[in-house]
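Everything below concerns the one structure shown next.
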2 protein chains.
Amino acid sequence: MARAATTSDIFNAIAEPRRREIVDLLARGYCRDVSELVRKLKLPQPAVSKHLRVLRTVGLVTVHKAGQRRLYELNVDELKPVHDWIQHFEQLWTDHLAGIKETAETTARDLAARNRSAPGHQHDSKE
Amino acid sequence: MARAATTSDIFNAIAEPRRREIVDLLARGYCRDVSELVRKLKLPQPAVSKHLRVLRTVGLVTVHKAGQRRLYELNVDELKPVHDWIQHFEQLWTDHLAGIKETAETTARDLAARNRSAPGHQHDSKE
DNA sequence: ATATTATATTCCTATTAGGGAATATGTCAA
DNA sequence: TTGACATATTCCCTAATAGGAATATAATAT
């Protein structure tokens, strides 16, 4: 079934490095039109347009016409889900890290114990 | 040329929803062995093992053996690049949003000016 | 009108993803 | 040993990716 469509999932949309570069450039306020992106990214124009299409489809960018150019604008809000997801690991790589490791080892010991007594299935989820 | 390999790029590794679920479960300290993941995710065991392999390859998880089980541990540090990338949009979706929009319009005006003088084209105002 | 510039789309293709099924490997128990 | 369990790997399949080349569409200039 292949991967989730890049055109329907933000996580997939930003999985492509070029598209992240585009997002970066747009975030800085540079490169509002396609030609400039082409120049900076040193990619063929069709490639850039195609990436922009993906970004448009997931709603990460919006366009408005300015003469024969298309000015692209970043819609940062669409990155929220990624932010939120990554956010809840925040604590894990700060001081909590040590604590987590400890928990892990404890759990490991628990499991071992459980296995010794109840071989096979008997791992209920604690909560 | 297809996409970047899920096995070499963190962004691709976490693009797959199931893998994110696995990461979530591991982060909480639940589901340290494969069977438990299988049960919670309601996925066939080979599928889970395959996802775990991807996560292992990018370094997001590590395994250690505990009897016939494999205990998986999350290596949160590998999420740092994602965190860092998303981080620098932080300001954009708070109060800075308005400011950014303004900047955008200014840039548009700049572009118009540059076009008038240089590459022989213009596209004034916007919209 | 035609030419030129800016951008988007289509077609083609090699590569890959991830599910399913079957099988292999590894570990423990009787 | 055999057998049950836990996990990993392999093979096959279909869908979808992203690049390249060519072309289409749109706006502007002359």
Side-chain angles (χ1 to χ4, degrees), chain A residues 1-9 11-22 31-39 41-57 61 63-72 111-112 114-123, chain B residues 1-9 11-22 31-39 41-58 61 63-72 111-112 115-116 118-124:
Chain A
M1 236 174 229
R3 235 181 297 196
T6 61
T7 50
S8 60
D9 181 8
F11 283 88
N12 272 286
I14 63 165
E16 158 64 51
R18 305 304 202 158
R19 284 196 287 264
R20 273 190 312 251
E21 285 189 57
I22 292 178
C31 293
R32 320 215 65 264
D33 66 8
V34 181
S35 320
E36 238 178 316
L37 288 168
V38 169
R39 231 171 302 129
L41 299 171
K42 283 165 188 160
L43 272 179
Q45 173 267 316
V48 175
S49 280
K50 277 183 266 186
H51 283 310
L52 285 169
R53 186 151 167 31
V54 173
L55 295 175
R56 241 187 299 139
T57 308
V61 303
V63 221
H64 50 267
K65 313 187 178 184
Q68 57 187 144
R69 320 241 166 147
R70 299 288 182 277
L71 298 185
Y72 279 84
L111 260 179
R114 261 192 288 163
N115 281 337
R116 232 172 289 119
S117 54
H121 4 218
Q122 182 134 332
H123 13 239
Chain B
M1 236 171 233
R3 235 183 296 197
T6 61
T7 52
S8 59
D9 181 5
F11 283 88
N12 272 285
I14 63 166
E16 160 63 52
R18 304 302 201 161
R19 284 196 288 263
R20 257 175 288 148
E21 284 188 59
I22 291 178
C31 293
R32 319 213 70 262
D33 65 7
V34 182
S35 320
E36 241 178 313
L37 288 167
V38 169
R39 231 170 305 128
L41 299 171
K42 283 165 190 161
L43 271 179
Q45 173 267 316
V48 175
S49 281
K50 279 184 264 184
H51 283 310
L52 285 169
R53 186 150 164 41
V54 173
L55 295 175
R56 242 187 299 138
T57 308
V58 299
V61 303
V63 221
H64 49 271
K65 313 186 179 187
Q68 54 190 141
R69 320 239 166 146
R70 300 288 182 278
L71 297 186
Y72 279 85
L111 260 178
N115 282 337
R116 232 170 287 118
H121 280 298
Q122 68 203 70
H123 57 276
D124 26 11

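Lettering follows sequence order; numbering is per chain, from 1.
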With a 4.0 Å heavy-atom cut-off, tell me which residues in residues 41-52 of chain B come close to DNA chain D, sorted by residue number. Gln45(B), Pro46(B), Ser49(B), Lys50(B)
Grab the CG-P distance between Leu71(B) and dT7(D) for me, whole Å please. 8 Å
If the condition is side-chain contact (heavy atoms from CB on, under 4.5 Å), which residues does Pro17(B) pass it with, not counting sequence neighbours? Arg20(B)
Measuring to OP1 and OP2 of dT7(D), would you say a side-chain N or O of Arg70(B) lies under 4.0 angstrom away? no
Quick one: does any side-chain atom of Arg19(A) pair with a main-chain N or O of Ile14(A) as donor and acceptor, under 3.5 Å? no
Check this for me: does the side-chain of Gln68(B) come within 3.5 Å of the base of dC5(D) through a donor and an acceptor? yes
Arg53(A) CZ to dT25(D) C1', in whole Å, measures 14 Å
Just how far, in rounded Å, is C1' of dA17(C) from CZ of Arg19(B)? 9 Å
Report yes or no: do Arg18(A) and His51(A) form a side-chain donor-acceptor pair below 3.5 Å? no
Tell me whether the side-chain N/O atoms of Tyr72(A) come closer than 4.0 Å to OP1 or OP2 in dA6(C). no
Roughly, in whole Å, what's the span from NE2 in His64(A) to P in dA6(C)? 18 Å
Rounded to whole Å, please give me the gap between NZ in Lys65(B) and C1' in dC5(D). 16 Å
Can you tell me how far P of dT16(C) sits from CD of Glu16(B), to the nearest Å? 18 Å
Can you sort out the partners of Glu21(A) under side-chain hydrogen bond (donor to acceptor under 3.5 Å, both in side chains), two or more places apart, ordered by chain and number? none
Using modelled atom types only, decide if a donor and an acceptor are shared between the side chain of Asn12(B) and the backbone of Ala15(A) within a distance under 3.5 Å. yes
With the side chain counted from C-beta on, respond yes when Leu37(A) and Leu52(A) share a heavy-atom pair under 4.5 Å apart, and no when they do not. yes
Output the rounded distance in Å from CZ (Arg18(B)) to P (dA17(C)). 18 Å
Once side-chain contact (heavy atoms from CB on, under 4.5 Å) is applied, do any residues pair with Arg53(B), and if so which ones, sequence neighbours excluded? Arg56(B), Thr57(B)
Between Asp33(A) (CG) and dA26(D) (C1'), how many Å, whole number? 15 Å
